[in-house]
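Reading through the structure tokens given below for one structure.
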Amino acid sequence: MSNTGMNMRGKITFYEEKNFQGRSYECMNDCSDMSSSLSRSQSCRVESGCFMVYDRSNYMGNQYFMKRGEYSDCMSMMGMRDCIKSCRMIPMHRGQFRMKIYEKENFGGQSHEMMEDCDNVMDRYRMNECQSCNVMDGHWLMYEQPQFRGKMMYMRPGEYRNFRDMGMSGQRFMSMRRITDSC
């Protein structure tokens, strides 16, 4: 595979121990359960692309965005309570970004269409929270606090009627950011 092709796909290497020690597992796509390859993963290197990593299998639990770089101690760097158990590669997106956010579950309450990052839905749209959304174009990160802070959730194109089905019970999202191809 050419270097250009690899950059389009992404590559991440997980290590059992901190500081890139112990057995390793190389991944170039989604992995719903790494336990068959590694007993645990406490550090990683992202050689190309962007990934979401999760502290539970099947893309559940706390999520963390990782772009090119070295992460020598995932547990302390990201505040993880457990090691990485699954990962999802984020495909590069070229083109426009569009997402419609809704104040209530099941696309209820007031709504607003977004094409740019929003650092505070309360300030910009006078919405107390976002509890459902429809991602029409692009890939987005939603954050529980304004200014892109707190727990995050990866949103790819699709309809999200409520966030509880994604393991985010009681979660409110107050800021949203596009995942650009600069990963």
Side-chain angles (χ1 to χ4, degrees), residues 1-99 114-119 135 137-158 166 168 173 175-183:
M1 176 180 293
S2 71
N3 192 29
T4 304
M6 185 180 292
N7 286 339
M8 294 298 286
R9 288 190 62 187
K11 182 178 175 184
I12 187 169
T13 305
F14 297 97
Y15 298 86
E16 282 186 322
E17 305 296 334
K18 296 175 185 174
N19 299 311
F20 320 109
Q21 300 295 309
R23 292 186 328 144
S24 64
Y25 172 64
E26 203 171 89
C27 189
M28 295 175 66
N29 50 25
D30 296 354
C31 179
S32 64
D33 187 0
M34 295 186 345
S35 63
S36 62
S37 302
L38 291 178
S39 60
R40 65 178 175 262
S41 176
Q42 295 188 4
S43 59
C44 66
R45 283 188 175 108
V46 179
E47 295 181 36
S48 59
C50 296
F51 290 82
M52 288 304 290
V53 298
Y54 304 80
D55 62 4
R56 290 178 44 205
S57 298
N58 298 314
Y59 319 113
M60 299 296 283
N62 293 312
Q63 305 179 21
Y64 305 92
F65 176 71
M66 305 187 103
K67 58 185 180 179
R68 187 179 174 132
E70 295 189 343
Y71 303 86
S72 61
D73 183 357
C74 294
M75 293 179 74
S76 66
M77 290 172 70
M78 295 176 261
M80 293 180 81
R81 290 182 282 237
D82 203 352
C83 58
I84 298 168
K85 302 271 175 85
S86 58
C87 76
R88 181 164 279 174
M89 189 201 68
I90 300 171
M92 291 176 99
H93 175 75
R94 298 191 191 282
Q96 71 176 1
F97 287 78
R98 283 188 331 141
M99 174 169 60
M114 301 172 44
M115 296 178 79
E116 300 288 331
D117 298 350
C118 175
D119 63 358
V135 177
D137 294 302
H139 299 261
W140 297 74
L141 291 175
M142 298 179 70
Y143 297 82
E144 71 176 340
Q145 297 173 16
Q147 308 301 322
F148 316 115
R149 294 181 326 205
K151 288 184 180 181
M152 65 180 74
M153 185 166 62
Y154 167 51
M155 309 301 284
R156 54 190 183 172
M166 301 173 70
M168 296 300 219
F173 292 100
S175 55
M176 295 80 184
R177 175 178 279 164
R178 297 164 296 149
I179 301 175
T180 63
D181 61 1
S182 62
C183 295

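When a residue number appears, it is its place in the shown sequence, counting from 1. Quick caveat, the model's predicted, so the values are computed rather than measured.
Looking at every heavy atom in both residues, Thr13 comes nearest to Ser24 through CG2-CB, 4.0 Å. Closest non-hydrogen pair, Cys87 versus Cys27, comes out as SG-SG, 3.8 Å. Considering all non-hydrogen atoms of both residues, Cys74 and Met66 come closest at SG-CE, 4.3 Å. Of all non-hydrogen atoms in Met153 and Gln63, the two that sit nearest each other are CA-OE1, 3.3 Å. Closest approach of Gly138 and Val135 over heavy atoms only: O-CG1, 3.4 Å. The shortest heavy-atom contact between Gln96 and His93 is O-NE2, 2.7 Å.
Among residues two or more places apart in sequence or in another chain, the salt bridge (charged side-chain N to carboxylate O under 4.0 Å, His left out) test is passed with Asp30 by Arg88.
Using the six-membered ring where Trp is involved, His139 and Tyr154 have ring planes that are parallel, under 30° apart on the 30 and 60° scheme.
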- request: Might you work through the side chain to side chain contact (heavy atoms under 4.5 Å, CB included) test for Asn62 and Lys151, ending with a clear yes or no?
  value: CA-CA 7 Å; Asn62 293 312; Lys151 288 184 180 181; 3.4 Å; yes
Derivation and outcome, side chain to side chain contact (heavy atoms under 4.5 Å, CB included), residues Tyr15 and Arg45: CA-CA 9 Å; Tyr15 298 86; Arg45 283 188 175 108; 3.1 Å; yes
message: Go through it in stages, so that I can follow the logic: the residues are Val46 and Tyr71, the test is side chain to side chain contact (heavy atoms under 4.5 Å, CB included), and I'd like the CA-CA distance, side-chain angles, deciding distance and then a yes or no.
response: CA-CA 8 Å; Val46 179; Tyr71 303 86; 3.9 Å; yes
- prompt: Ile90 and Phe65: side chain to side chain contact (heavy atoms under 4.5 Å, CB included), yes or no, with the steps?
  reply: CA-CA 9 Å; Ile90 300 171; Phe65 176 71; 3.8 Å; yes
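Judged purely by atom type and a 3.5 angstrom limit, Arg178 has no side-chain atom pairing as donor or acceptor with the backbone of Trp140. No side-chain donor-acceptor contact under 3.5 Å links Asn58 to the backbone of Met60. When atom types are taken as modelled, the side chain of Arg23 and the backbone of Ser37 share a donor-acceptor pair closer than 3.5 angstrom.
Cys44 SG to Phe20 CZ: the interatomic distance, rounded to the nearest 0.5 Å, is 7.5 Å. Here the straight-line distance linking atom OG of Ser39 with atom CE of Met34 works out to 10.0 Å at 0.5 Å rounding. How far CD1 of Ile84 is from OH of Tyr54: 12.0 Å, rounded to the nearest 0.5 Å. Summarising the geometry, atom CE belonging to Met142 is positioned 9.0 Å from atom OG belonging to Ser175; distances are rounded to the nearest 0.5 Å. One distance of note links OG of Ser72 with CD of Gln42; it measures 11.5 Å at 0.5 Å rounding. Rounded to the nearest 0.5 angstrom, Met99 CE and Glu116 CD are separated by 12.0 Å.
At least one side-chain heavy atom of Met52 sits under 4.5 Å from a side-chain heavy atom of Leu141.
Residue pairs satisfying the ring-ring contact (aromatic ring centres under 6.0 Å, His included) criterion with at least one member in residues 22-53, sequence neighbours excluded, are absent.
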